[in-house]
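A quick write-up on the structure given underneath.
Numbers restart at 1 for each chain; the letters A, B, ... are given by sequence-line order, proteins then strands.
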Protein chains: 2
Amino acid sequence: MQPPFHRLAEFVSLTSQDMDVMNGWLAGYRKVSRLRTLRREGDPVTGVYFLLEGWVCSSLMLRNGRRQIAKVHLPGDMLGIPSLVLPTAGETLEAVTDIKVSLIPAAAIGELFEHRPRLAIGLFLNAQMEHVALTQKLSWVGAGNAMERMSAFLLDLFARLDAGRLTEGGRFDFPLTQPQLGELLGLTAVHVNRTLKRLDQTGFIVRGRGWLRIADLAGLQSLAPNLPPRFSGPAAWSRLGGQPAAQILTWP
Amino acid sequence: MQPPFHRLAEFVSLTSQDMDVMNGWLAGYRKVSRLRTLRREGDPVTGVYFLLEGWVCSSLMLRNGRRQIAKVHLPGDMLGIPSLVLPTAGETLEAVTDIKVSLIPAAAIGELFEHRPRLAIGLFLNAQMEHVALTQKLSWVGAGNAMERMSAFLLDLFARLDAGRLTEGGRFDFPLTQPQLGELLGLTAVHVNRTLKRLDQTGFIVRGRGWLRIADLAGLQSLAPNLPPRFSGPAAWSRLGGQPAAQILTWP
DNA sequence: CGTCCTGTTGAATAAAATCAACTACGGTGG
DNA sequence: CCACCGTAGTTGATTTTATTCAACAGGACG
């Protein structure tokens, strides 16, 4: 397995010292098994997590007894960054599958800003990607019906899995249960079931246990209220005045 | 009017050079009048905006014809940061009231990361506050009914206005129309109307044209599915290894 | 002075939730 | 090893919630 560094390197070109720092994060990765909680809402914040393998969902508990899943994280994602501004964690991180994850201590993040500006920019822009994704998600949950939410989610998921080379001809592992999908989309499990059934019967998707196949991508896209965002990559960095790696003085 | 710098100074202690940089942003502020569009979805991204006065809403247009307002921005907020990772703006920024705003060029943001690490951290943590707020908002839109969404929003708004000293005994300016509230909460204008009416008749709020008063804070809080987030302030920075200003070498 | 938008209310309709029942499956403990 | 229990998945019937449709009053603005 080659470490999924694509997220932080997506925007900035990194120096070899930058790479060393990132490799350092991998050293003490930890395995966590399915359904185990990585960190619960209200727990102390010691750092952020770098997800190497598997799926994690981050969720919020509401006082009305319902749970909202904010995001399903895939390999390469940084988890729990927003909680850095809170006294205690603002979200529960729960393993959807068996995962490998490493903890990056908060102090190491501070270091980046002092000494590794490119990684800091990478982290910052990565966090902005998350923000864009979350805003889109809000838009379909707030302004879409069940079918629209479902198709937008499936397309977004598919695009992200595809970017990480985790699909095969439209088919991918799909470990989410229908109750989880409900919490993700703001629907009941029953209604999720009916919505999936319709998508299945229409021939847009094929479901198996533990996997899913998108059978008609264009069809799904025609249902979705918006398409997954496309990011600028290196162009974002050059807009910020980024320089090619060779011209930058590296930290001694 | 004293510039609302509280956002960036909320976490890190700034050097006088940092302050100079920030004051530089204020120089060419611009007035924009009510209902004018600051930047439309799809427009080129030239930088981010610093809102000095007035309210702005950022929204997404969906293909089903509906609009989702992602956030109502108040004085001191930085707008349009997420679009830095997109080829063209991902959200429309529209003035809800007459506003004063200044544009910070993208290159100036890049500069921060290279030369003004504390401001960079401040910006980063500020962006994470936005992320936390957006996650919460998703939670009530996704998992709350109309009354819960409305009370959570009003409480959140009130807390933010209060932090900026823009309230007086529970009363504050409230320029949002009911259709706008609908787009904000994922409800129709009609249903917004009925929900407000119920809150009014129960004595939780008092409505006037252009303003609103929270008459029973505890009552509203009992309706809301979660309370506005509280942020760590300087504690967040010290967790990241932040040092008191005096001990830091400043850029020559 | 008309026109458009907001705010308001009532009535009809549609979407999703709730309630209920049953099957299948996985994991646990005896 | 097997019985049992809890959860997931599925479907039908009913109820709740919110939308849609419609109509009208009041202001803002050209």
Side-chain angles (χ1 to χ4, degrees), chain A residues 33-36 55 57 62 64-69 94-98 140-153 173-201 205-212 223 225, chain B residues 33-36 57 62 64-69 94-98 140-151 153 173-201 205-212 223 225:
Chain A
S33 54
R34 199 171 85 85
L35 299 186
R36 276 287 148 66
W55 295 26
C57 72
L62 280 77
N64 63 13
R66 297 163 78 137
R67 193 168 72 129
Q68 176 67 42
I69 296 182
E94 185 183 330
V96 174
T97 65
D98 291 348
W140 13 286
V141 170
N145 58 29
M147 190 59 80
E148 288 169 335
R149 296 181 201 188
M150 184 65 77
S151 42
F153 169 68
D173 285 343
F174 190 79
L176 294 172
T177 66
Q178 291 177 8
Q180 284 172 327
L181 271 173
E183 293 171 324
L184 192 62
L185 302 177
L187 301 169
T188 59
V190 171
H191 204 59
V192 165
N193 185 286
R194 297 195 224 269
T195 306
L196 285 174
K197 187 182 160 194
R198 273 212 286 159
L199 279 177
D200 200 333
Q201 288 177 338
I205 64 173
V206 180
R207 291 177 291 165
R209 50 175 207 299
W211 59 267
L212 197 145
L223 294 182
Chain B
S33 53
R34 199 171 86 85
L35 298 187
R36 276 287 148 65
C57 72
L62 300 171
N64 62 14
R66 296 164 76 139
R67 192 169 72 129
Q68 176 68 41
I69 296 183
E94 185 183 330
V96 175
T97 65
D98 291 349
W140 13 286
V141 170
N145 58 30
M147 189 59 78
E148 290 169 333
R149 295 182 202 187
M150 184 65 77
S151 41
F153 169 68
D173 285 342
F174 191 79
L176 294 172
T177 66
Q178 291 177 8
Q180 284 172 327
L181 272 173
E183 293 172 323
L184 192 62
L185 301 177
L187 300 169
T188 59
V190 171
H191 204 56
V192 164
N193 184 286
R194 298 195 223 270
T195 306
L196 284 174
K197 186 182 159 193
R198 273 212 286 159
L199 279 176
D200 199 333
Q201 288 177 338
I205 63 173
V206 180
R207 290 176 290 164
R209 51 173 205 298
W211 60 268
L212 196 145
L223 294 181

Query raised in the report: Whole Å only: how far is the CG atom of B/N193 from the P atom of C/dT8?
Result: 5 Å
Report summary line: Residues pairing under salt bridge (charged side-chain N to carboxylate O under 4.0 Å, His left out) where one sits in residues 142-153 of chain A, two or more places apart or in two chains, turn out to be none
Query raised in the report: Taking any atom under 4.0 angstrom from a heavy atom of chain B, which nucleotides of DNA chain D are the first and last to qualify, 5' to 3'?
Result: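 Range of nucleotides touched by chain B: D/dA18 to D/dC21.
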Requested in this report: May I ask you to verify if any side-chain N or O of B/K197 is less than 4.0 angstrom from the OP1 or OP2 atom of C/dT9?
Outcome: yes
Report task. Quick one: closest heavy-atom pair of A/F174 and A/F153, and the distance? Result ->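 Looking at all heavy atoms of both residues, the closest pair is CE1-CE2, 4.4 Å.
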Query - Least distance between heavy atoms, A/C57 atom then A/I69 atom - result: CB-CG2, 3.8 Å
Requested in this report: Could you name each residue pair satisfying side chain to side chain donor-acceptor pair (under 3.5 Å) that touches residues 181-197 of chain A, not counting sequence neighbours?
Outcome: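 Applying side chain to side chain donor-acceptor pair (under 3.5 Å) to every pair that reaches into residues 181-197 of chain A, excluding sequence neighbours, yields A/R67-A/E183, A/Q178-A/N193.
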Report task. Kindly compute the distance separating CG (B/L223) from CZ (B/R198), expressed to the nearest 0.5 Å. Result -> 9.0 Å
Are the side chain of [X] and the backbone of [Y] linked by a donor-acceptor contact shorter than 3.5 Å?
{"X": "A/N64", "Y": "B/G144", "answer": "no"}
{"X": "A/Q68", "Y": "A/L184", "answer": "yes"}
{"X": "A/D173", "Y": "A/W211", "answer": "no"}

Requested in this report: Using salt bridge (Lys or Arg N to Asp or Glu O under 4.0 Å) as the criterion, list what pairs up with B/R207, not counting sequence neighbours.
Outcome: B/D200
Write down the protein N/O and nucleotide N/O pairs, taken from nucleotides 15-24 of chain C, whose separation is under 3.5 Å; answer none if there are no such pairs.
| unit_1 | atom_1 | unit_2 | atom_2 | d |
| --- | --- | --- | --- | --- |
| C/dA16 | OP1 | A/A146 | N | 2.8 |
| C/dA16 | OP2 | A/H191 | NE2 | 3.3 |
| C/dA16 | O5' | A/H191 | NE2 | 3.4 |
| C/dA17 | OP1 | A/T188 | N | 3.4 |
| C/dA17 | OP2 | A/T188 | N | 3.1 |
| C/dA17 | OP2 | A/T188 | OG1 | 3.0 |
| C/dT18 | O4 | A/R194 | NH2 | 3.2 |

Query raised in the report: With a non-hydrogen cut-off below 4.0 angstrom, is A/R34 in contact with a base, only sugar-phosphate, or nothing?
Result: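 Answer is nothing: A/R34 stays at 4.0 Å or more from every strand.
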Requested in this report: To the nearest 10°, let me know how far the axis at one end of the helix from C/dC1-D/dG30 to C/dG30-D/dC1 is tilted from the axis at the other, five pairs an end.
Outcome: 50°
Requested in this report: Between B/R209 and A/Q178, name the one whose nearest nucleotide on DNA chain D is closer to the 5' end.
Outcome: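 The residue closer to the strand's 5' end, by nearest nucleotide, is A/Q178.
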Query raised in the report: Would you say B/M147 and B/L199 make side-chain contact, with heavy atoms under 4.5 Å?
Result: yes
